[in-house]
J.: 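Next up is a structure, given as structure tokens.
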Amino acid sequence: MHLTLTDSTLIPDTLYNEAVLIHLISQGDENAFAKLFEHYRDKIYSIALKLTRSNTLAEEIVEDVFLKIWLKRSSLGEIQNFRAYLFTITRNDVYKILKQISKNYKIALLTDNNPSLAHNDTEDYIMEKEYSSLLQRAIDRLPKQQKQVYQLMKEQGLKREEAADFLHLQPETVKFHLAQAMKNIRSFCTLYLDMMTGIIFFLFSSNI
């Protein structure tokens with residue numbers, strides 16, 4: 001069989017020739033793009049799912065990665081190592097999502113009225129249980145009085161005066177302990193989130 005570079009319909013399904021496919025894709029061949037997509041889709045999905053622990057996010061990453069490939073198809077011929085290029089795009093997408101979700105959780109921690117890490121689409125978002133556990137670890141590390149004030153006001157919903165009466169403290173003292181508790185929780189969680197995001201990025205990069 002004579003194989004040309006202008007007709008992807010001549011590429012047998014059992015034969016995967018990446019160089020040929022990339023050349024065809026760079027010329028706008030959608031059939032060649034579909035073959036490339038089928039070849040890498042499961043691998044990209046598996047990586048994204050492992051890192052995000054979310055089926056929804058993993059699917060979104062796959063779609064976004066291949067959309068980028070298609071939009072930049074005219075420059076594919078300049079790429080020396082397509083596999084590394086593809087996984088670099090995947091890594092960057094995963095890292096961007098991890099950073100954004102980490103930021104969202106930090107914003108939740110900065111919201112005095114609602115320190116909960118819950119999300120409207122909890123089952124679809126990254127490491128909900130891990131982040132809830134992180135918050136609990138931060139609370140457990142608080143000094144005794146800060147922890148008592150935090151639990152009474154943020155977990156049980158008591159007002160400042162009610163918490164003050166319960167603990168036999170002045171309202172201003174309760175206010176001070178709550179402010180310190182929130183500051184300590186934010187510092188602990190922010191440091192942990194930044195560290196874990198960096199570790200994931202490093203591990204992903206070293207495995208390309």
Side-chain angles (χ1 to χ4, degrees), residues 45-61 64 87-208:
Y45 177 84
S46 177
I47 292 172
L49 180 61
K50 182 178 180 180
L51 294 176
T52 65
R53 306 184 190 184
S54 165
N55 292 323
T56 301
L57 290 177
E59 290 171 359
E60 289 178 2
I61 288 169
D64 188 63
F87 289 150
T88 296
I89 294 176
T90 304
R91 178 199 65 193
N92 292 342
D93 265 26
V94 170
Y95 185 59
K96 179 178 69 176
I97 288 176
L98 288 175
K99 289 287 287 183
Q100 183 57 53
I101 295 176
S102 175
K103 179 180 178 181
N104 291 342
Y105 278 101
K106 290 174 188 175
I107 291 173
L109 289 168
L110 292 171
T111 305
D112 290 347
N113 293 328
N114 182 19
S116 171
L117 295 180
H119 193 281
N120 291 335
D121 301 312
T122 297
E123 68 273 14
D124 290 334
Y125 276 79
I126 176 176
M127 298 186 291
E128 166 63 20
K129 291 182 180 179
E130 284 82 351
Y131 280 119
S132 296
S133 175
L134 172 61
L135 176 59
Q136 188 57 54
R137 293 206 301 276
I139 295 170
D140 290 341
R141 291 169 59 93
L142 294 173
K144 182 179 179 180
Q145 205 145 53
Q146 289 182 23
K147 183 177 180 180
Q148 288 178 326
V149 169
Y150 179 90
Q151 290 175 328
L152 288 173
M153 296 186 64
K154 293 302 183 179
E155 295 179 359
Q156 297 182 30
L158 269 64
K159 296 184 181 302
R160 186 192 306 170
E161 292 73 15
E162 294 172 332
D165 287 342
F166 185 87
L167 295 172
H168 306 292
L169 297 172
Q170 292 297 319
E172 287 303 311
T173 302
V174 169
K175 179 181 179 181
F176 173 78
H177 285 310
L178 180 61
Q180 291 300 113
M182 295 299 295
K183 179 180 178 181
N184 288 333
I185 289 173
R186 293 164 189 158
S187 297
F188 177 83
C189 293
T190 298
L191 177 63
Y192 183 89
L193 292 172
D194 287 342
M195 180 181 69
M196 290 307 299
T197 303
I199 289 174
I200 290 173
F201 181 79
F202 173 77
L203 291 177
F204 194 105
S205 299
S206 64
N207 288 326
I208 290 181

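Just so it is clear, the model here is predicted, and its values are computed rather than measured. No hydrogens, no waters, no symmetry mates; every other heavy atom, side chains included, goes into these values.
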J.: Can you list the residues that meet the side chain to side chain contact (heavy atoms under 4.5 Å, CB included) rule with Gln170, with sequence neighbours excluded?
T.: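 Residues passing side chain to side chain contact (heavy atoms under 4.5 Å, CB included) with Gln170: Thr173.
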J.: Rounded to the nearest 0.5 Å, what's the gap from CD on Gln146 to CZ on Arg141? Could you check?
T.: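 Going from the CD atom of Gln146 to the CZ atom of Arg141 covers 12.5 Å.
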J.: What residues form a side chain to side chain contact (heavy atoms under 4.5 Å, CB included) with Lys147, not counting sequence neighbours?
T.: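 By the side chain to side chain contact (heavy atoms under 4.5 Å, CB included) rule, Lys147 matches Ile139, Asp140, Leu142, Gln151.
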J.: Who passes side chain to side chain contact (heavy atoms under 4.5 Å, CB included) against Glu60, sequence neighbours left out?
T.: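 So Glu60 forms a side chain to side chain contact (heavy atoms under 4.5 Å, CB included) with Thr56, Leu57.
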J.: Taking side chain to side chain contact (heavy atoms under 4.5 Å, CB included) as the definition, give me every residue that meets it alongside Leu167, ordered by chain and number, with sequence neighbours left out.
T.: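 Counting only residues at least two positions away or on another chain, Leu167 forms a side chain to side chain contact (heavy atoms under 4.5 Å, CB included) with Gln148, Val149, Leu152, Leu169.
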J.: Show me the donor-acceptor pairs within less than 3.5 Å that the side chains of residues 156-164 make with the rest of the protein, sequence neighbours left out.
T.:
from: Glu162; atom 1: OE1; to: Lys159; atom 2: N; distance (Å): 2.8

J.: Locate the shortest heavy-atom distance separating Leu178 from Tyr150; write the atom from each residue and the value.
T.: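 Nearest pair, atom of Leu178 first, then Tyr150: CD1-CA, 4.2 Å.
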J.: I need the Arg137 CZ to Ile185 CD1 distance, nearest 0.5 Å.
T.: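 That separation rounds to 13.0 Å.
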J.: Take atom OH in Tyr45; do more than 12 heavy atoms of anything else shown fall under 6.0 Å from it?
T.: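 Correct, the count exceeds 12.
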J.: Quick one: CG on Asp64 to CG on Asp93, what's the gap to the nearest 0.5 Å?
T.: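 Atom-to-atom, Asp64:CG and Asp93:CG are 4.0 Å apart.
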J.: Quick one: side-chain hydrogen bond (donor to acceptor under 3.5 Å, both in side chains) partners of Gln145, sequence neighbours excluded?
T.: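 For Gln145 the side-chain hydrogen bond (donor to acceptor under 3.5 Å, both in side chains) partners, ignoring immediate neighbours, are His177.
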